[in-house]
Amino acid sequence: MFVRRSEALLQRSRAMGTLVLFICLLTLHATFAAKIQQPHIVFMIVDDLGWSDVSFHGSKQIPTPNIDSIARDGIILNNYYVSPTCSPSRGSLMTGKYPLRLGKNRLAMC
């Protein structure tokens with residue numbers, strides 16, 4: 001009887017030790033994970049935006065100070081190809097496929 005109780009206590013203490021070790025490792029991981037800064041990515045897709053429709057490309061007609069500050073602090077992509085309608089671009093972004101594979105290259109479903 002006494003041997004069974006001591007074995008049960010030994011098993012409980014091992015389980016508690018394992019649990020405490022797991023909690024310590026989890027806390028340590030959370031501490032280091034909190035210090036790593038993930039990048040903030042903002043992806044803007046704009047329908048029917050011409051080259052001279054924003055002031056950071058030289059437009060004097062339309063002032064766009066907020067878009068200019070985003071462009072100044074981020075990356076400007078100047079070499080890209082898009083479809084003349086919005087549906088293929090949106091479908092490609094949502095699925096990761098080329099617009100021709102989606103069959104949306106002729107319809108505008110904006």
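Computation of the quantities below employed the complete heavy-atom set of this structure, encompassing side-chain atoms and omitting hydrogens, waters and symmetry-equivalent molecules. We number each residue from 1, following the sequence as shown.
- Remark: Tyr98 engages Arg101 in a side chain to side chain contact (heavy atoms under 4.5 Å, CB included) (not counting sequence neighbours).
- Distance check: Asp68 CG to His57 NE2 gives 9.5 Å after rounding to the nearest 0.5 Å.
- With sequence neighbours left out, the side chain to side chain donor-acceptor pair (under 3.5 Å) criterion links Asp53 to no other residue.
- Legend: residues meeting side chain to side chain contact (heavy atoms under 4.5 Å, CB included) with Ile70, ordered by chain and number and at least two apart, are Met44.
- Residues passing the side chain to side chain contact (heavy atoms under 4.5 Å, CB included) test with Ser69 are Arg72, sequence neighbours excluded.
- Contact record, Ser55 with Ile62: CB-O, 3.7 Å, taken as the closest heavy-atom pair.
- Judged by distance alone, with hydrogens and angles left aside, the side-chain atoms of Thr64 form no donor-acceptor pair with the main-chain N or O of Val54 at under 3.5 Å.
- Residues passing the side chain to side chain contact (heavy atoms under 4.5 Å, CB included) test with Ser52, sequence neighbours excluded: none.
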